[in-house]
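Both backbone and side-chain heavy atoms feed into the values below; hydrogens, waters and symmetry mates do not. These numbers come from a predicted model, not from an experiment.
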Amino acid sequence: MGRFALAIVALAALLVMAAGAGVAGVVGSDDTVFNGPAELGDDGRPLLTAPDVLAYEGVTVTLRASAPEGVFIGTAHPVDVADFVGDSSRIRLTGVTRTGVVAEDAGSGDPVQPASADFWTDSMSGTGSEELTLDRGSSAAQWVIAPLTGVGPTTVSFGITVHGLFAWALIAFGAGALVLLACVELLLRLRRPPRSPSTAQRIAGHVPADEPPAPAPTGRHRSQRTVLAVALAVSLAGCTAESLLPTKQQSPDLATTKVALTRAELPTLFRSYDARLGTAITAARPPHYRSESWRLADRGPALESDLFGTRVGRLTRLGRRTVPTHQGVEVFSGRFDSYPMWSLVASTVDRETRVDLFTKASVLAPWLRQAGTALSRDLPDPGRPRLLPSGDEAAAATAAWRDYLESGTRDDRLALDPESRTWRDNIADLGSRAMFRGYRVSVEPAGLSRVVEVEDGALAIVALRVTTRLDGRPDLRVRWAPPYGRYRPGAGGLLSFADVAVGLIHLPPKGAPTLLGSTFSEVAVSR
């Protein structure tokens, strides 16, 4: 029985040696092994990998590709890639085998040209065999491969790098060799004939001993101790079957959703935005007052304010404005599974801290400012980006702000900011003057409400359209003084003007919401 157990252990050690030698020979000292190359896309269509191809933690994957007249390789987040390719015709790589890949046709539209896009996180191109490496455990990305001139086929192969695999293979080979040698030594000892006892041993054999001698270890016991020693050594080394194999990523959010904007991207965002904003401001200056360039930088309420300001400048022959410079401070962003995306961005401009809502319509579109406000209170910590809230958590706080702007009556539903109180006091002061019989403020939604979760609750940016009407006394000729009468209606003594009020509201888990800041920008009165 002892010899049989030793033979089994020796066979297992031999298999470990063979496996270690085989892995070391295939992987090599760079810890990388490539599968067989596959030729795809004779018609020159791009190749795209599925987001979960070789998505293993602790594994670095290298894509090697070539095409007859040069090849392009790019990596980007799957959400960006999906928006870019749309329904274009392509080949989708859904799996990798030892000898090639598993592929399927996808899309029916015209093929895209990936080399012309600029959103890639990593990219390269060349006329030879190109390689691009991706750490699959720390990034959600997929490869896009395309012939530079549209001439196929494209040849691809994948290499997997598991750091330390070559060293572990050598360790396995050495451990197997040691166990095999130990088993062979034990087997040889069991086969040796027993030596003849000496005269003293024969005489001592007839004398009874005080205690029975301990039984000599049998082959079975020796083999058990050997196996236990090897197992203990492997366990102490921290080497288990699970630790030698890659682990598949479990979180689907990494590949199916994307954080719209990160703090690291703020310098790039503001370099682009400030350049486009500078172009718009320069075009809108006197004497030309051109307004078409505003659409390069802003949209929504921000664009409405820009266009109104240019119109006022043309009517008053004023409107010269300097180009601001934004310094990014913080970003409050959620995770999106498709475009359009948006994010709240804090920045400093001329020693003023503000938060603006930026939107991005597609992966190739620029970030446009939709609305923003200066701050009078500190911002909460952004926390970890998460999926956006499903409901309108800001509805109650927005209603409280609307009621205050209309009536001027404060309550405990919302902690107001100084800007809102100042604006409402100025309106009350204006409406109480002797030339007016009274005034009325009406507030309507401006079609903007965005909520993102933060470390302590949520942060919301909302916009309201506020219209103020002053009722002039009939015994007086009440009208706007120049130059206001050129852009504010005032027929029959009824004077009107309108503002877009943008507010930033902190919604804590407990307690009343707080208005962190608000800005009132005049716009045209709706007819």
SB check [X] [Y] (cutoff 4.0 Å):
| X | Y | value |
| --- | --- | --- |
| E444 | R402 | no |
| D417 | R377 | no |
| E330 | R263 | yes |
| R295 | D306 | no |

Closest non-hydrogen atom pair, [X] against [Y]:
| X | Y | answer |
| --- | --- | --- |
| G334 | V452 | N-CG2, 3.9 Å |
| G503 | W401 | N-CH2, 3.5 Å |
| V101 | T97 | N-OG1, 4.0 Å |
| Q370 | P301 | O-CD, 3.3 Å |
| S66 | S129 | CB-CA, 4.0 Å |
| S449 | D392 | OG-OD1, 3.7 Å |

Kindly indicate whether the side chain of [X], heavy atoms from C-beta on, has any atom under 4.5 Å from the side chain of [Y].
| X | Y | result |
| --- | --- | --- |
| V349 | R354 | yes |
| H326 | L277 | yes |
| E304 | D298 | no |
| L48 | I91 | no |
| E69 | T127 | no |
| P509 | D456 | yes |
| V144 | V81 | yes |
| W143 | V156 | no |

What distance separates [X] [atom1] from [Y] [atom2], expressed to the nearest 0.5 Å?
| X | Y | atom1 | atom2 | result |
| --- | --- | --- | --- | --- |
| L516 | H506 | CG | NE2 | 7.0 Å |
| F332 | D381 | CZ | CG | 8.0 Å |
| T467 | F497 | OG1 | CZ | 9.5 Å |
| D499 | S305 | CG | OG | 9.5 Å |
| E453 | S333 | CD | OG | 12.5 Å |
| R320 | I281 | CZ | CD1 | 12.0 Å |

**Study point:** side-chain hydrogen bond (donor to acceptor under 3.5 Å, both in side chains) between T279 and R276, intermediate numbers included
**Key:** CA-CA 5 Å; T279 300; R276 289 178 278 121; over 6 Å; no

Sub-3.5 Å donor-acceptor pair from the side chain of [X] to the main-chain atoms of [Y], do we have one?
| X | Y | answer |
| --- | --- | --- |
| W120 | I73 | no |
| R45 | D43 | no |
| K258 | R335 | no |
| R386 | V454 | yes |
| Y289 | L318 | yes |
| H288 | R290 | no |
| D42 | G152 | no |
| Q142 | T49 | yes |

Exercise for review: Assert yes or no for the condition that the ring centre distance of W367 to F358 is strictly below 6.0 Å.
Suggested key: no

Exercise for review: Answer with yes or no after comparing the ring centroid distance for F84 and F119 against a 6.0 Å cut-off, counting only values under it.
Suggested key: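 Aromatic pair counts; centres sit under 6.0 Å.
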
**Study point:** Stepwise side-chain hydrogen bond (donor to acceptor under 3.5 Å, both in side chains) test for T121 and T75
**Key:** CA-CA 6 Å; T121 54; T75 64; 3.1 Å; yes

Check your understanding: side-chain contact (heavy atoms from CB on, under 4.5 Å) between L464 and L405: does it pass, once the steps are laid out?
Key -> CA-CA 10 Å; L464 300 174; L405 294 178; 4.2 Å; yes

Practice item. Could you walk me through whether V71 and L148 pass the side-chain contact (heavy atoms from CB on, under 4.5 Å) test, one step at a time? Key: CA-CA 5 Å; V71 68; L148 286 176; 5.6 Å; no

Review point. Does R369 count as lying over the ring of Y273, i.e. NZ or CZ under 6.0 Å from the six-ring centre, within 45 degrees of the axis?
Key: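 The answer is no; the distance or angle limit is not met.
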
Practice item. Please say whether more than 12 non-hydrogen atoms of neighbouring residues, nucleotides or ligands are located less than 6.0 Å from OH in Y484. Key: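 Counting other residues, nucleotides and ligands, OH of Y484 stays at 12 neighbours or fewer.
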
Side-chain donor-acceptor contact under 3.5 Å, [X] with [Y]:
| X | Y | answer |
| --- | --- | --- |
| S376 | E419 | yes |
| S108 | D87 | yes |
| S420 | S518 | yes |
| S291 | T310 | no |

Check your understanding: Would R64 and F158 satisfy side-chain contact (heavy atoms from CB on, under 4.5 Å), going step by step from the backbone distance to the final call?
Key -> CA-CA 6 Å; R64 180 182 293 167; F158 291 88; over 6 Å; no

Exercise for review: Any chance you could lay out the side-chain contact (heavy atoms from CB on, under 4.5 Å) test for Y339 and K360, step after step, and finish with the verdict?
Suggested key: CA-CA 7 Å; Y339 286 88; K360 189 175 177 67; 4.0 Å; yes

Exercise for review: Using the six-membered ring wherever Trp is involved, compare the ring planes of F336 and W342 and label them parallel, tilted or perpendicular (cut-offs 30° and 60°).
Suggested key: perpendicular

Exercise for review: List the steps, then state whether side-chain hydrogen bond (donor to acceptor under 3.5 Å, both in side chains) holds for E265 with T262.
Suggested key: CA-CA 5 Å; E265 297 173 302; T262 65; 3.2 Å; yes

Practice item. Test side-chain hydrogen bond (donor to acceptor under 3.5 Å, both in side chains) on T519 and T373 and set out the steps. Key: CA-CA 5 Å; T519 298; T373 179; 2.9 Å; yes

